[in-house]
Amino acid sequence: MYSTAFLDLPALASADGTVQLPGSKSISNRVLLLAALSEGTTEVHDLLASDDTRVMLDALREIGCGVDESAAAQGTVRITGLGTAAARSPARLFLGNAGTAMRPLTAALALRGGEFELSGIARMHERPIGDLVDALLKLGCHITYLGNPGFPPLRIAHGNGVPPLALDAPVRVRGDVSSQFLTALLMALPLVAREKDVVIEVVGELISRPYIHITLQLLERFGIRVQHDAWQRFTIPAGSRYRSPGAIHVEADASSASYFIALGAIATAASAEKPLRILGVGLESIQGDIRFVEAARAMGAEVTGGPNWLEIHRGAWPLKAIDLDCNHIPDAAMTLAVMALYAQGTTTLRNIASWRVKETDRIAAMAQGCRQLGATVEEGPDFLRVTPPSSTSDWRAASIHTYDDHRIAMCFSLAAFNPARLPVRIEDPKCVAKTFPDYFEALFSVARTPVERIPVICIDGPTASGKGTVAASVAQRLGYRFLDSGAMYRITALAALRAGLAIDAAHQDRIAALACGLPVRFEAGRIWLGGDDVTDAIRTEEAGMNASRVSALPPVREALVALQHSFRRLPGLVADGRDMGTVIFPGAALKVYLTATAACRAERRHKQLISKGISANIDDLRADLEARDIRDSTRPVAPLKPAQDALVLDNSLLTVEEAVEQVLVWWQQKQPFAASAPG
């Protein structure tokens, strides 16, 4: 997951390959709560690992459920339910911005007994819960608001048990604000449907009906069959009791599939040999958002699929504008707003009032983002109308504010495929952790673009100038890949010796062949050769001498040039060395030549060695550095020197943080959306 302040997406061109989607958030949190209310232990397979499921798991553990996450890395969690046992209380539950946890837990805990405080982040305290609480208050529950009336945080005061409930009349709840209110009641009321049926009546139009279908399907898996009359009256049968199904598998998220369905419609061609393939959800999904396929087809996408997979090609191009009532796909419909940027004509999305009370005001957020990109947008209380940029020249590079809303971030990533070949900045990319932590990694695994569009920052300089430390930090701040070119020669020498090859001209071709496919990774400050951490092994004096011998072998140098080029992958690269800007990446967007006085570098190297318990003489170190500078700057192949267009940064008097900040300032100045950049 990218945890940077922003993520810059270069202009992307096409897409192909396969994406395995994570589990559905809507199904995951419903299943977790139903398992918690049931008798017995439930194995939940393919559970979504996200912020929303994390707060639900933490809450269930807090109220006394058994939560076994020993196999969570494989997507399996075991929940031992409360059954008829009381929930542990008093308890304070923090539920982040997870509506799928806040609303159902409020109802379930109100009908089980105990004292609880439920709170979340600031945005959760702006999301309405009043209609659900009103329904519970009319039943006789004791619930008070701890802040603004109608909104979390709130307190459930049933320390002496659940009070007598008024179950003779139907429980009435509004259906036109959020379907989560009805879902919460449907999952909680079986707890009190002991001697007679309990009826729920929906007041007004029921929005997001497909999510209620998911709830009913899952209730049946846990032993509760609810009857409904035209989706307005729901009857929970007397004698209802939750029973664990033993094991249950979570479908992949159909809402998350919408981004890749749209991607296939935008970035593949009907003639392409490889379609975009999605695994984990298919045309037979129980999730209402699978009907996004119908909308995508209406706009021109070619979609085929089976029970657990989908394949997408671009069909009509430009896409076709549509006018659609989106009540049946409220979350996935956001993706249509970005598809509209690639359509001919004006697209109108109707009946989306619920967007206003989601993680952010999504109508306003989508309108703002589309306008930033050059579209003409009209928004209303329950509709959005998008007319794309009239020509390629009308597209704009944009820095998209995401409002801590995962769907805003994922939707607008698709704007990077714009015909003007402009980059797009996604602010706070880590917000996707709510439902799809590895979204951007999945996107980059199937997105394709000419290599010259992938940005590169080169940081060259003499030995001990601090270029490796600065480059690694810049890469981390930008979310870019990192290449330590000096380490490549050391690793090659180490790999050759481990393979029994002497480092000499007689073995240069075999060493070159070995170098071509070295499985090198730079991760979290460590250097890996396959599964072996070689960070310390390549930092010895002997390793340095062997690296010099390797660098003198022409075939090996040629092989390593190709290997270094292979590090230029999405979303971008920061490379440090002695010839990154002059030889390896001469077309890099930013070249920095980092230097410092020999005295300063000798002092830094001396402190480094002493900290490792290695004795050293500072005068000898300085003499060695000065001699190495002369050798490096006068060598016949790739001599050490600044590239003609490099910016020179003397960091003799700078801290590492100050040097990093200067490089980032120079980088920001080169971006088309620098004026709106955070920080």
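Side chains included, hydrogens not; waters and symmetry mates left out as well; all remaining heavy atoms used. Counting begins at 1 with the first residue of the sequence.
A donor-acceptor pair is defined here as one N or O able to donate and one able to accept, closer than 3.5 Å; such a pair exists between the side chain of R123 and the backbone of E359. Of the possible donor and acceptor atoms, none in the side chain of R30 sits under 3.5 Å from a partner among the backbone N and O of M187. S178 places a side-chain N or O within 3.5 Å of a backbone atom of Q180 that can act as its donor or acceptor partner. Proximity of a side-chain donor or acceptor of T215 to a complementary backbone N or O of Y211 within less than 3.5 Å is detected. With hydrogens and angles ignored, the 3.5 Å screen pairs a side-chain donor or acceptor of W355 with a backbone N or O of P330. At least one donor-acceptor pair closer than 3.5 Å links the side chain of D361 to the backbone N or O of A364. Not a single donor-acceptor pair under 3.5 Å links the side chain of S28 to the backbone N or O of K25. Judged by distance alone, the side chain of H158 and the main-chain N or O of H142 form a donor-acceptor pair under 3.5 Å. With hydrogens and angles disregarded, no donor-acceptor distance shorter than 3.5 Å links the side chain of S285 to the backbone of G282.
With 3.5 Å as the limit, one finds no donor-acceptor pair spanning the side chains of R350 and N327. With hydrogens and angles left out, the side-chain atoms of E427 and T402 include no donor and acceptor closer than 3.5 Å. Under 3.5 Å, the side chains of S50 and D52 contain no donor-acceptor pair of N or O atoms. Checked by atom type, the side-chain pair S38/S244 shows no donor-acceptor distance below 3.5 Å. Between the side chains of E43 and H45, a donor-acceptor pair is found at a separation under 3.5 Å. Side chains of N351 and D325: a donor on one and an acceptor on the other come within 3.5 Å.
Atoms NE2 and CD1, on H213 and I286 in that order, are 6.5 Å from each other to the nearest 0.5 Å. Note: S208 OG to D331 CG = 7.0 Å, rounded to the nearest 0.5 Å. To the nearest 0.5 Å, the span separating CG on L37 from CG on L32 amounts to 11.0 Å. Here OH of Y259 is found 6.5 Å from CE of M334. Values are rounded to the nearest 0.5 Å. In this structure, R277 CZ and I312 CD1 are separated by 9.5 Å, a value rounded to the nearest 0.5 Å. Distance check: R88 CZ to I63 CD1 gives 9.0 Å after rounding to the nearest 0.5 Å.
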Verdict with reasoning, S179 to R209, per side-chain hydrogen bond (donor to acceptor under 3.5 Å, both in side chains): CA-CA 7 Å; S179 65; R209 186 180 301 171; over 6 Å; no

E294/R297 under salt bridge (Lys or Arg N to Asp or Glu O under 4.0 Å): CA gap, chis, key distance, verdict: CA-CA 5 Å; E294 300 170 9; R297 284 171 172 165; over 6 Å; no

From CA spacing to verdict: salt bridge (Lys or Arg N to Asp or Glu O under 4.0 Å), D51, K434: CA-CA 5 Å; D51 289 349; K434 184 175 177 68; over 6 Å; no

Evaluation steps, salt bridge (Lys or Arg N to Asp or Glu O under 4.0 Å), between K430 and D428: CA-CA 5 Å; K430 67 180 179 297; D428 188 27; 2.8 Å; yes

D68/R61 under salt bridge (Lys or Arg N to Asp or Glu O under 4.0 Å): CA gap, chis, key distance, verdict: CA-CA 10 Å; D68 178 0; R61 188 181 283 110; over 6 Å; no

Check against side-chain hydrogen bond (donor to acceptor under 3.5 Å, both in side chains), T235 and D197: CA-CA 7 Å; T235 302; D197 293 351; 5.9 Å; no

Full working for side-chain hydrogen bond (donor to acceptor under 3.5 Å, both in side chains) between S89 and E115: CA-CA 6 Å; S89 81; E115 296 187 9; over 6 Å; no

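Two residues are said to be in side-chain contact when any heavy atoms from C-beta on lie closer than 4.5 Å; L57 and V77 meet this criterion. For the pair L263 and F417, the minimum side-chain heavy-atom distance is below 4.5 Å. With a 4.5 Å cut-off on side-chain heavy atoms, R127 and P152 do not count as touching. The shortest side-chain heavy-atom distance between L9 and R425 does not fall under the 4.5 Å cut-off. The side-chain heavy atoms of Q287 and S24, taken from C-beta on, include a pair separated by under 4.5 Å. Here the side chains of F440 and V432 are in contact, with some heavy-atom distance below 4.5 Å. In this structure, D253 and L48 have side chains that are not in contact, with every pair of non-hydrogen atoms separated by 4.5 Å or more. No side-chain heavy atom of L93 sits less than 4.5 Å from a side-chain heavy atom of E117.
For the pair R243 and E39, the salt-bridge criterion is not met [side-chain N within less than 4.0 Å of a carboxylate O]. Checked for salt-bridge contact, R174 and D176 meet the test: a charged N lies under 4.0 Å from a carboxylate O. Under a 4.0 Å N-O distance rule, the pair D134/K138 does not qualify as a salt bridge. A salt bridge is absent between R78 and E69; no separation between the charged side-chain nitrogens and carboxylate oxygens falls under 4.0 Å.
T100 pairs with exactly one of T183, N29, T53 by the side-chain hydrogen bond (donor to acceptor under 3.5 Å, both in side chains) rule, that one being N29.
Taking all atoms of both residues into account, the shortest heavy-atom contact from L324 to A295 is CD2-CB, 3.8 Å. In this structure, L60 and A36 approach most closely via the heavy-atom pair CD2-CB, 3.6 Å. Summarising the geometry of L570 relative to F444, their closest heavy-atom pair is CB-CD2, 3.8 Å, with the distance given to 0.1 Å. Taking both residues in full, the closest heavy atoms of M339 and A265 are given as CE-CB, 4.0 Å, listed atom of the first, atom of the second, then distance. Nearest approach of I156 to T106, heavy atoms of both residues: CD1-O, 3.6 Å. For the pair G99 and M124, the tightest heavy-atom approach, listed with the atom from each and the gap, is N-CE, 3.4 Å.
Remark: H401 pairs with Y403 by the ring-ring contact (aromatic ring centres under 6.0 Å, His included) rule, at least two apart or across chains. For the side-chain hydrogen bond (donor to acceptor under 3.5 Å, both in side chains) test, no residue two or more places apart in sequence or in another chain qualifies with E62. The salt bridge (Lys or Arg N to Asp or Glu O under 4.0 Å) check on R221 picks up nothing, with sequence neighbours excluded.
The 12-atom threshold is exceeded at CZ of R54, counting heavy atoms of other residues, nucleotides or ligands nearer than 6.0 Å. R521 CZ: more than 12 foreign heavy atoms inside a 6.0 Å radius. Within 6.0 Å of CZ in R92 there are 12 or fewer heavy atoms belonging to other residues, nucleotides or ligands. Annotation: Q476, atom CD; neighbour count of heavy atoms from other residues, nucleotides and ligands within 6.0 Å does not exceed 12. Atom CD of E523 is surrounded by more than 12 heavy atoms from other residues, nucleotides or ligands within 6.0 Å.
Checked against the 6.0 Å centroid threshold, Y439 and F260 count as a close aromatic pair.
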